[in-house]
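Below: one structure, written as structure tokens.
We name chains A, B, ... by the order of the sequence lines, and we start the count at 1 in each one.
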2 protein chains.
Amino acid sequence: MPAESPERLTARADFRPVRPVRAYQRVAEQIEERILGGSLPPGSRLPGERELMRQFDVGRSTIREALRVLQSSGLIRSRPGDPQGAEVLGVSPDTLSHALGRLARSHLSGLGELIQFRMLLDAESYRLAARLHSADDLRRLTGLVDEMAQLAPGDPRGFSAADGEFHRVVAEASGNALLALCARAVHDAVVEAIESKLVRAEGAGEAADAMRRSVAHHRQILDALGARDGARAARLGRQALHDHYAPHVPPQDRPRLRAALEEEPESPAG
Amino acid sequence: MPAESPERLTARADFRPVRPVRAYQRVAEQIEERILGGSLPPGSRLPGERELMRQFDVGRSTIREALRVLQSSGLIRSRPGDPQGAEVLGVSPDTLSHALGRLARSHLSGLGELIQFRMLLDAESYRLAARLHSADDLRRLTGLVDEMAQLAPGDPRGFSAADGEFHRVVAEASGNALLALCARAVHDAVVEAIESKLVRAEGAGEAADAMRRSVAHHRQILDALGARDGARAARLGRQALHDHYAPHVPPQDRPRLRAALEEEPESPAG
DNA sequence: GACGATCAACTGGTCTGACCAGTCGCCTGG
DNA sequence: CCAGGCGACTGGTCAGACCAGTTGATCGTC
């Protein structure tokens with residue numbers, strides 16, 4: 001009988017194992033608390049290391065290790081010689097991107113999972129954005145697609161930037177900042193993971209072809225968004241990502257991408 | 001005319017701004033590379049700080065700052081007095097959870113966004129899991145729901161644990177570790193954000209009611225998963241989360257949750 | 001010989017003090 | 001009015017020291 005009398009549970013002393021907390025940790029926690037809590041807003045400055053050393057009453061190395069931790073979390077940025085001290089950046093999606101990138105590089109999850117995940121996030125962004133977007137959003141998106149079309153032939157980097165911006169605007173139009181940040185992080189991770197492959201694998205003609213197809217896809221999506229047809233926009237978004245990336249994904253991962261296409265299994269046999 | 005001759009673009013010198021790379025960064029990068037690259041597998045040990053200091057030919061503070069960065073990324077763990085040196089942990093999802101938790105805590109997104117995001121992630125987990133789950137998955141899920149039903153009356157904590165486990169199994173059955181990790185992180189963030197409210201807001205009877213409803217929801221979802229009906233499972237999952245959390249979300253955020261319910265706007269007027 | 005206490009040789013955590021290169025702001029000389 | 005130089009800072013790095021804690025061998029006891 002694993003089920004004991006529930007009343008005992010509140011009475012039993014459930015102590016937590018006590019582990020020594022390092023000094024640099026407490027310093028980092030205090031500063032992080034201030035940043036997340038809203039005092040110390042983005043753009044504000046931390047005191048210099050020597051001043052922090054006095055305020056926390058610890059040595060400079062402790063202060064520096066704490067600042068390193070905060071910096072590697074993307075919460076602050078410091079620059080030598082800056083008389084104003086480290087700059088508070090606030091919460092940024094960069095940490096998320098890095099963590100996702102590491103996971104994607106590790107055996108824990110491969111490129112296929114990353115792209116499948118992006119398909120899901122993007123599709124949901126489209127679905128929400130179709131409902132909630134403003135006229136201004138639509139104008140900006142149209143402008144970006146035009147820009148992509150213009151840049152397509154010869155400027156892959158500019159094209160990629162406009163494409164990223166397009167997805168960013170969509171994600172923001174979805175009204176969910178968390179979704180937007182995650183989508184952006186995953187987007188960045190995909191770009192970082194696959195860019196090197198793309199650059200050397202594709203000839204110029206093939207790249208231009210891919211860009212043209214991408215522009216066509218974006219126009220269709222734009223149309224669906226304008227019609228506030230979330231389901232169609234989501235479907236198109238999934239398809240576009242699938243078509244764009246499937247060739248660059250290891251063959252054993254392709255069924256995974258197809259599974260995310262959401263075509264319900266109405267076809268006769270498997 | 002912003003469009004220049006495209007041929008010029010490849011010829012133009014697009015230098016990157018050169019930023020000094022700190023010594024501790026290069027140390028951290030080298031070690032991280034080894035860990036991600038597979039030499040230095042999880043469980044192996046780094047040399048002691050004094051030995052690293054000799055190998056990298058830098059001061060100990062530099063070594064320590066590098067190790068701090070790696071440690072805050074969850075890649076290594078060090079313990080004072082350990083003669084074997086820091087332990088390599090490998091890539092872990094904890095960083096992701098922390099990053100998401102920070103985002104959720106920041107002013108950038110409120111409880112409504114968090115729950116909406118969880119609705120999306122869970123729904124997609126269900127959709128994929130419906131297709132890809134194994135018979136064993138289904139057995140475990142059935143066992144967990146039974147356990148929830150048994151624990152429901154008097155053990156909210158155990159109930160919550162079983163519920164978390166249920167979602168974890170579903171997410172893993174989706175076959176996408178990335179999705180599973182994010183879903184879990186968001187789940188944890190929601191629990192952390194709302195648990196305190198729930199405990200004091202609800203009387204015992206109301207809590208028991210919520211648990212009973214939750215069990216019923218889970219049984220329906222289980223049924224849909226068993227029938228491999230991903231769309232239905234996704235819809236049910238969204239609805240379950242909405243019903244469970246909507247009362248605890250600020251009123252101005254409720255339309256957001258409803259928007260995620262995916263009922264396409266077929267109703268006559270707004 | 002088996003076993004528990006003791007101890008020395010480590011470890012990582014922290015502090016101090018110093019130096020360097022870079023940056024900023026003032027101040028001066030044109 | 002402005003260019004240039006001159007401090008007085010900053011963060012980045014190093015060296016050396018001390019502390020508390022862990023480890024493993026050593027030693028004394030039974």
Side-chain angles (χ1 to χ4, degrees), chain A residues 16-32 34-35 40 42-90 94, chain B residues 15-32 34-35 40 42-90:
Chain A
R16 304 234 152 276
V18 48
R19 209 183 309 93
V21 181
R22 311 292 167 209
Y24 80 90
Q25 272 182 351
R26 281 194 300 225
V27 172
E29 277 166 19
Q30 275 195 52
I31 298 178
E32 175 169 344
R34 292 277 185 105
I35 295 177
L40 287 180
S44 61
R45 299 306 187 113
L46 256 47
E49 297 182 354
R50 288 153 178 96
E51 173 59 25
L52 286 173
M53 181 177 139
R54 278 185 286 271
Q55 292 191 20
F56 284 103
D57 194 31
V58 294
R60 187 146 92 102
S61 46
T62 300
I63 292 291
R64 284 183 62 70
E65 291 185 23
L67 294 183
R68 274 287 96 77
V69 171
L70 295 174
Q71 190 174 28
S72 86
S73 301
L75 289 174
I76 65 171
R77 174 177 49 186
S78 63
R79 208 174 32 121
D82 191 338
Q84 306 195 74
E87 181 184 2
V88 175
L89 295 178
D94 288 4
Chain B
F15 294 123
R16 303 234 150 277
V18 49
R19 208 181 312 94
V21 181
R22 311 295 167 205
Y24 79 90
Q25 272 182 350
R26 282 194 300 226
V27 172
E29 276 166 19
Q30 275 196 52
I31 298 178
E32 175 169 345
R34 292 276 185 107
I35 294 178
L40 287 180
S44 61
R45 299 305 188 113
L46 256 49
E49 296 181 355
R50 285 151 180 100
E51 173 60 24
L52 287 173
M53 180 177 143
R54 279 186 286 270
Q55 291 192 22
F56 284 103
D57 195 30
V58 295
R60 187 147 90 102
S61 47
T62 299
I63 293 291
R64 286 184 59 71
E65 291 184 22
L67 293 184
R68 275 285 96 79
V69 171
L70 295 174
Q71 191 174 28
S72 86
S73 302
L75 290 174
I76 66 171
R77 173 179 49 187
S78 62
R79 207 173 33 121
D82 191 339
Q84 306 195 73
E87 181 184 1
V88 175
L89 295 178

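In terms of the side chain to side chain donor-acceptor pair (under 3.5 Å) criterion, residue partners of A/S72 (sequence neighbours excluded) are, by chain and number, B/S72. Listed by chain and number, the residues in a side-chain contact (heavy atoms from CB on, under 4.5 Å) with B/L89 are B/R77, B/E87 (sequence neighbours excluded). Under the side-chain contact (heavy atoms from CB on, under 4.5 Å) criterion, B/D82 pairs with B/R45, B/R79, B/Q84, not counting sequence neighbours.
At a threshold of 4.5 Å between non-hydrogen side-chain atoms, the residues A/V27 and A/L67 do not count as touching.
Between B/G90 and B/P42, the shortest heavy-atom distance links the atoms CA-CG, 4.0 Å.
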Output a table of nitrogen or oxygen pairs between the protein and nucleotides 4-6 of chain C separated by less than 3.5 Å.
none

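To the nearest 0.5 Å, atom CG of residue A/L40 and atom CD1 of residue A/I35 are 6.0 Å apart.
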note = Each nucleotide of nucleotides 8-16 of chain D classed B (base within 4.0 Å of a protein heavy atom), S (only sugar-phosphate) or -, in 5' to 3' order, makes --BBBBB--

Donor-acceptor list for residues 52-61 of chain A side chains, cut-off 3.5 Å, not counting sequence neighbours:
{"from": "A/R54", "atom 1": "NE", "to": "A/E51", "atom 2": "OE1", "distance (Å)": "3.3"}
{"from": "A/R54", "atom 1": "NH2", "to": "A/E51", "atom 2": "OE1", "distance (Å)": "3.3"}
{"from": "A/Q55", "atom 1": "NE2", "to": "A/E51", "atom 2": "OE2", "distance (Å)": "3.1"}
{"from": "A/R60", "atom 1": "NH1", "to": "A/E49", "atom 2": "OE1", "distance (Å)": "2.5"}

